[in-house]
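Reading through the structure tokens given below for one structure.
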Amino acid sequence: QVQLVESGGGLVQPGGSLRLSCAGFTSIGTMAWYRQAPEKQRELVARITFGGITTYADSVKGRFTISRNNAKNTGYLQMNALKPEDSAVYYCNIWNTNIWGQGTQVTVSS
């Protein structure tokens, strides 16, 4: 049973940076990061194939970078120039499966 564990969330000021990690990603499939803000639907933030091809939501292009270390079974989401509207619980997921981590809270506020 694959288990994903996110970490790295926290409180940061606007313009700041955070790096999220997703441990336990043993799949050779595409890894995805989603986020869900209160009273909003979960939305796709970014995804990366096993070979490193990436896709980003328009709202995070140029600010977020998704990556993975297949040898360490870990994925990452580097988030720069954070905005208050980036505040949400962030989840990692194996694309096209129902395998999710527990989520990590990101709050961007002054």
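Residue indices begin at 1 and follow the sequence shown.
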Heavy-atom closest pair, residues A37 and S87:
CB-O, 3.7 Å
Using modelled atom types only, decide if a donor and an acceptor are shared between the side chain of E6 and the backbone of Q102 within a distance under 3.5 Å.
yes
What's the separation between atom CG in D86 and atom OG1 in T107, rounded to the nearest 0.5 Å?
11.0 Å
Show which residues join Y91 in its hydrophobic cluster (side-chain heavy-atom contacts under 4.5 Å, direct or indirect), or state none.
Y34, L44, V89, W95, W100
Using atom types as modelled and distance alone, determine if a side-chain donor or acceptor of N93 lies under 3.5 Å from a backbone N or O of N98.
no
In terms of heavy-atom contacts, F25 and R68 come closest through CE2-NH2, 3.2 Å
Between G75 and W33, what is the shortest heavy-atom contact and its length?
O-CZ2, 4.2 Å
Cluster partners of L11, using ILVMFWY side-chain heavy atoms under 4.5 angstrom, listed by chain and number?
none
Considering only heavy atoms from C-beta outward, does the side chain of Y76 approach that of N69 to under 4.5 Å?
yes
Give a yes or no on whether Q41 atom CD has more than 12 heavy-atom contacts from other residues, nucleotides or ligands under 6.0 Å away.
no
Minimum side-chain heavy-atom gap R35-L77 below 4.5 Å:
no
Can you find a pair of side-chain heavy atoms, one from M79 and one from R63, that are under 4.5 Å apart?
no
For the pair T74 (side chain) and A23 (backbone), establish whether a donor and an acceptor sit closer than 3.5 Å, ignoring hydrogens and angles.
no
Residues T104, S7; criterion side chain to side chain contact (heavy atoms under 4.5 Å, CB included); working and verdict
CA-CA 6 Å; T104 185; S7 61; 5.7 Å; no
Any heavy-atom pair between the side chains of I66 and V45 that's under 4.5 Å?
no
Quick check against the 3.5 Å criterion: does Q36 have a side-chain atom that pairs as donor or acceptor with the backbone of A88?
no
Run the salt bridge (charged side-chain N to carboxylate O under 4.0 Å, His left out) check on K61 and D58 step by step: do they pass?
CA-CA 5 Å; K61 279 182 183 175; D58 287 343; 3.1 Å; yes
Would you find more than 12 non-hydrogen atoms of other residues, nucleotides or ligands less than 6.0 Å from Q3 atom CD?
no
Closest heavy-atom contact between L18 and L82?
N-CD1, 3.9 Å
Taken to the nearest 0.5 Å, the spacing of R47 CZ from T55 OG1 works out to 4.5 Å
Write down the atom of S17, the atom of N80, and the distance for their closest heavy-atom approach.
OG-OD1, 2.9 Å
